[in-house]
Amino acid sequence: MQQRAYYVTTPIYYISGNPHIGHVYTTVVADVLARTARTAGPAFFLTGTDEHGQKVANAATAAGKLPQEWCDDLVPRWQSLFAAYHVAYDDFIRTTQPRHERVVQRVFETLRERGDVYLGTYEGWYCVFDETFWLESKLAGGKCPTCGREVQWISEDDWFFALSKYGPRLLEYFRAHPDWVRPKSVYNEMMALLEEGVEDFSISRTNFDWGIPIPGGSGVIYVWFDALLNYISAIGWSVDDDRFHAYWPAAVQLVGKEIARFHTIIWPAVLWAIGEAPPELVFAHGWITVEGQKIGKSLGNAVDPFALADRFGADSLRYFLLREAPFGSDFSYSEEKIAQRHNNDLGNDLGNLAHRTLSMLQRYREGVVPAPGATPVLARFAELPQHMRTAIFDLRFRDALESAWDLVTTLNRAVEERKPWALHKEERGAELDAFLYELCEGLRRLAILLHPFMPERMQELWRRLGIGETRIDDAWESAFARPLAPGTHTILGDPLFPRLDLVGK
RNA sequence: GGCUCGGUAGCUCAGCGGUAGAGCAGGGGACUCAUAAGCCCUUGGUCGUAGGUUCGAGUCCUACCCGAGCCA
């Protein structure tokens, strides 16, 4: 009996434009979860791109390209962005891939056979930009209530998904699983929607053709219906049942709050309709804002995430996002805040602890790890791995990092108390050995525990500790049980997190 | 118009019935291994407003104000 993998997904990103820091945020969160999970067992991390729909087709046309060319040109930009932020996904799905299109069509056919997808007539207002139908009563001054653009009156035969049939079951499921949608505010809002009642909705489009064809019919499948299925097409639904069930249901699906509705109401209903279970947790995070304003090209406040990585270091950004943002709420970021976190937490606390330790080791012991003695500080932090793991899987990243920083601060205090320079002067060699050893082992443990958050810098710390040839991402308990070997040759090197001078105002 | 979440020190937030907390920023100090970093001490809040429940309320209830959001 194989242990089911920890399956984590990000939304697939709609490539009608360029990626921004918000995409980095979601993806880095998923990466931290996956990296942590991998230290304890199998895990699978999926991200990708959502490539169909009229907006993509329009963007391609505007650029003088075919939709597929447009997508093919843009995808590498997303992939290189994630690489720049040290994101290690297991799979990157594109909704234009045959493996996905086959599954979408199969789901459509399955639902049609069951009667959960049926042919009906739709007549009403339609917003091309949002690819959404609107009731007359919802229009704002005759225009689309969400984007403010002109709407068109259309009348067409469409395929409908029988969502209303699942309304009672959804309500029941929500009541029985009060924690399955987080944060609570989003759960409450979705619950309110369910209590009002849900309606069948159209899942086909006939006024353009950039999408997955309706099997045995005309028109294409609605992009949202198509997109949701990426989470199961990537892991082999209906193609490889063993593989599929090794991953599904997902441990956590991360979404932005604006798409919570698709993932917590429509998605479980579709899954039930094909005989599968809903994910264990859907977490809707907030938006990253700049001075309270949502990031967007149109607002002109989009920051190039490549430039941010260059300027502050990708791992500093990762740390900043997970340490500073209250996960689940909107979060106003500024470069000044990034620089503060970098300098204070990473440079002064952690980086300096590493540097002063390795420097003393160099000065007093020629860089060689001495014989161990008592490690009273580390003994007090025996519960740290368990504590951090619990916080991380509960998506309380701030708590996890704060508890790691307790150890950093305690070690810095211990240096002031033990005064290794005095021990050296007074030739109390055994005491100095024991203490230097404890500092090195403490750094080793920090490197292990912080590796999911800052993979590149912690790997470098690992190398400085002279153990670069060994794995940093083994199971935490066993890694703690095999402490640093005396005689290991360490490397001082330059500061891990060099202080940044005043950041522009 | 209905609903949800939030409003606690200059800033970011924790506390959710029992003498107001952390980090950063500000002020002072002793040290020197270190990225003028680290360490110690310290200034600072009538916990959005007004009522209510309670022996006792940021902490529960009601109304209102402000911000964000969901639905109409």
Side-chain angles (χ1 to χ4, degrees), chain A residues 134-140 145-146 181-199 256-261 264-265 284-289 291-294 313 316 320-321 323-334 336-365 367 391 396-399 401-406 408-425 432 435-436 439-440 443 457 464 492-501:
Chain A
W134 294 109
L135 293 173
E136 176 106 28
S137 61
K138 288 196 189 178
L139 296 180
T146 58
V181 177
R182 289 172 53 200
K184 200 72 192 167
S185 53
V186 173
Y187 171 91
N188 289 341
E189 284 177 357
M190 294 305 119
M191 194 64 175
L193 286 177
L194 287 173
E195 280 166 349
E196 281 172 24
V198 290
E199 292 179 355
K257 62 184 183 181
E258 74 283 6
I259 55 174
R261 177 182 198 163
T264 63
I265 294 179
H285 65 252
W287 293 319
I288 296 184
T289 61
E291 324 238 323
Q293 285 211 301
K294 198 185 169 188
S316 289
F320 168 76
L321 290 171
R323 172 62 182 79
E324 183 95 6
F327 197 56
S329 319
D330 285 357
F331 164 61
S332 178
Y333 107 124
S334 72
E336 194 183 341
K337 285 185 191 170
I338 300 171
Q340 261 179 21
R341 283 292 175 195
H342 174 93
N343 282 343
N344 291 327
D345 297 7
L346 298 176
N348 298 350
D349 294 344
L350 176 61
N352 188 234
L353 174 65
H355 203 248
R356 71 197 305 202
T357 296
L358 293 173
S359 172
M360 285 188 281
L361 198 62
Q362 191 64 50
R363 181 183 288 240
Y364 304 139
R365 292 292 182 264
R396 291 180 289 109
F397 303 106
R398 183 198 296 250
D399 286 357
L401 288 168
E402 278 178 354
S403 65
W405 251 253
D406 261 356
V408 173
T409 301
T410 305
L411 288 172
N412 270 323
R413 279 192 192 126
V415 173
E416 306 296 334
E417 282 165 21
R418 301 301 304 281
K419 300 184 180 24
W421 49 93
L423 294 177
H424 179 254
K425 211 173 285 178
L432 181 57
F435 185 62
L436 290 176
L439 289 178
C440 291
L443 286 174
R457 288 286 81 189
R464 302 281 179 89
L492 177 55
D494 294 333
L496 285 172
F497 300 97
R499 279 183 64 87
L500 296 164
D501 281 329

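Naming: A, B, ... by sequence-line order, numbering from 1 per chain. Any value given below was found using the heavy atoms of this structure, including those in side chains, with hydrogens, waters and symmetry copies removed.
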What string of B, S and - do you get for nucleotides 31-37 of chain B, 5' to 3', if B is base contact, S is sugar-phosphate-only contact and - is no contact with any protein heavy atom under 4.0 Å? -SBBB-S
Watson-Crick or G-U wobble partner for rA30(B), using a 3.5 Å limit on both distances? none
Point-to-point distance, once rounded to the nearest 0.5 Å, from NZ of K337(A) to CD of E324(A): 5.5 Å
Could you check which nucleotide pairs with rG58(B) in any of the strands shown, counting Watson-Crick or G-U wobble with both distances under 3.5 Å? none
Sub-3.5 Å donor-acceptor pair from the side chain of R464(A) to the main-chain atoms of L492(A), do we have one? yes
According to the interplanar angle, ranging from 0 to 90°, do the rings of Y364(A) and H424(A) count as parallel (below 30°), tilted (30 to 60°) or perpendicular (above 60°)? parallel
Indicate syn or anti for rG6(B), taking the glycosidic torsion and treating anything within 90° of 0 as syn. anti
rU46(B): pairing nucleotide in any strand, Watson-Crick or G-U under 3.5 angstrom: none
Is the distance from OP1 or OP2 of rG38(B) to the nearest side-chain N or O of R413(A) less than 4.0 Å? no
Residue whose closest nucleotide on RNA chain B lies nearer the 5' end, Q340(A) versus T409(A): Q340(A)
Span that lies between the C1' atom of rG18(B) and that of rC41(B), in whole angstrom: 30 Å
Roughly how many Å apart are rA50(B) and rG15(B), using the P atom of each and rounding to a whole number? 25 Å
Which nucleotide, if any, forms a Watson-Crick or G-U wobble pair with rA20(B), using both distances under 3.5 Å? none
Restricting to non-hydrogen atoms, name the atom on V415(A) and the atom on P420(A) that form the minimum distance, rounded to 0.1 Å. O-CD, 3.4 Å
Distance below 4.0 Å between N188(A) side-chain N/O and rC70(B) OP1 or OP2: no
Separation between the C1' atoms of rC60(B) and rG17(B), rounded to whole Å: 8 Å
Write down the partner of rC5(B) under the Watson-Crick or G-U wobble criteria, each distance required to be under 3.5 Å. rG67(B)
Heavy-atom donor-acceptor pair, N343(A) side chain to L500(A) backbone, under 3.5 Å: yes
Measuring from L496(A):CG to L443(A):CG, what's the distance to the nearest 0.5 Å? 9.0 Å
Over how many whole Å does the gap from R323(A) atom CZ to rA22(B) atom P extend? 14 Å
Say we look at rG21(B) and rG44(B): how far apart would their P atoms be, to the nearest angstrom? 13 Å
Which value, in whole Å, describes the distance between the C1' atoms of nucleotides rC64(B) and rG26(B)? 36 Å
Give the rounded distance in Å between these two atoms: CZ of R341(A) and P of rG23(B). 11 Å
Remember a base hit wins even if backbone is also touched, and classify E196(A) as base, sugar-phosphate or nothing at under 4.0 Å, heavy atoms. sugar-phosphate
Can you find a donor-acceptor N/O pair under 3.5 angstrom joining the side chain of E189(A) to the base of rG69(B)? yes
With rounding to the nearest 0.5 angstrom, report the CG to NZ distance, L432(A) to K425(A). 13.0 Å
Distance check, P atoms only: rG27(B) and rC5(B), in whole angstrom units. 41 Å
